[in-house]
Amino acid sequence: MIPEAEQPDQAAADSPRVEQAAAKRRAGIPVWRTGKPDVFLAAAVDVARTAIEGITAPSDIGAHLAAKSEGDRLVTHLFESKLPGYQGWQWYAVLTRNSRSKVVTVSELGLLPSEDSILSPEWVPWAERVRPEDSREAEDDESPAVAAGDTPAADPDEETADPEEEYGDRAGEAD
């Protein structure tokens, strides 16, 4: 057989393996982000918990849920939130360290919703929230005198006070 004739068959046999390997990686995520977390940072659960205790009461922090790799020497620790009104939310602490260093640095702290969180409805601009019947209700609530453009008449017996008479001539007192 001619070796050149076997090459296309060999290339066709190799291509599914390449496609399978590419299919295992998630699209749009760099290879370094899909790896295991830095072992030293993943073990620093106490450092992450202590950092979160700096922004909330220790009683508001629940169990450690996970340590996720966010990059080279960058790990996010997730903790259950026991904060009232934040059921399903998670406290997070992002930890990092320099290359060959054993010193852990807290990069970021906060509270994030999870899939089980109760969230507010999506924001709708004011112009889209106001319905035609809303403006009609506001017009119906106005009093008839104001709606007609009339102003309440002043009482003719009531005298208006002159500010100079009431308070005196302050400019003359200063002299």
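It should be emphasised that the depicted structure is a prediction, and the values quoted were computed from it without experimental measurement. No hydrogens, no waters, no symmetry mates; every other heavy atom, side chains included, goes into these values.
With a 4.5 Å cut-off on side-chain heavy atoms, Phe40 and Lys102 count as touching. In this structure, the side chains of Trp89 and Ile118 stay at 4.5 Å or more apart for every pair of heavy atoms. Looking at heavy atoms from C-beta onward, Leu111 lies out of side-chain contact with Gln90 at the 4.5 angstrom threshold. Counting heavy atoms from C-beta on, the side chains of Leu78 and Thr76 come closer than 4.5 Å.
Considering all non-hydrogen atoms of both residues, Leu109 and Ala93 come closest at CD2-CB, 3.6 Å. Taking each heavy atom of Ala67 and Pro37 in turn, the nearest pair found is O-CG, 3.7 Å. When all heavy atoms of Phe79 and Ile61 are compared, the pair lying nearest together is CB-CG2, 3.9 Å. Closest heavy-atom contact between Ile55 and Gly110: CD1-N, 4.3 Å. Closest approach of Arg97 to Val103, counting heavy atoms only: CB-O, 3.3 Å.
Between the side chain of Trp91 and the main chain of Leu112, no donor-acceptor pair closer than 3.5 Å is present.
Note that OH of Tyr86 and OG of Ser81 are 8.5 Å apart. Values are rounded to the nearest 0.5 Å. Interatomic distance, Asp46 CG to Glu53 CD, rounded to the nearest 0.5 Å: 9.5 Å. Considering CZ of Arg73 and OG of Ser99, their distance stands at 4.0 Å, rounded to 0.5 Å.
No continuous path of hydrophobic side-chain contacts links Val39 to Val45 [ILVMFWY only; heavy atoms under 4.5 Å].
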task: Could you walk me through whether Val94 and Leu74 pass side chain to side chain contact (heavy atoms under 4.5 Å, CB included), step by step?
output: CA-CA 7 Å; Val94 180; Leu74 191 66; 3.6 Å; yes
field: Stepwise side chain to side chain contact (heavy atoms under 4.5 Å, CB included) check, Tyr92 with Glu108
entry: CA-CA 8 Å; Tyr92 71 92; Glu108 188 175 347; 3.0 Å; yes
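Evaluated for a side-chain contact (heavy atoms from CB on, under 4.5 Å) with Thr105, the options Thr96, Leu95, Val47, Leu41 yield exactly one hit, Thr96.
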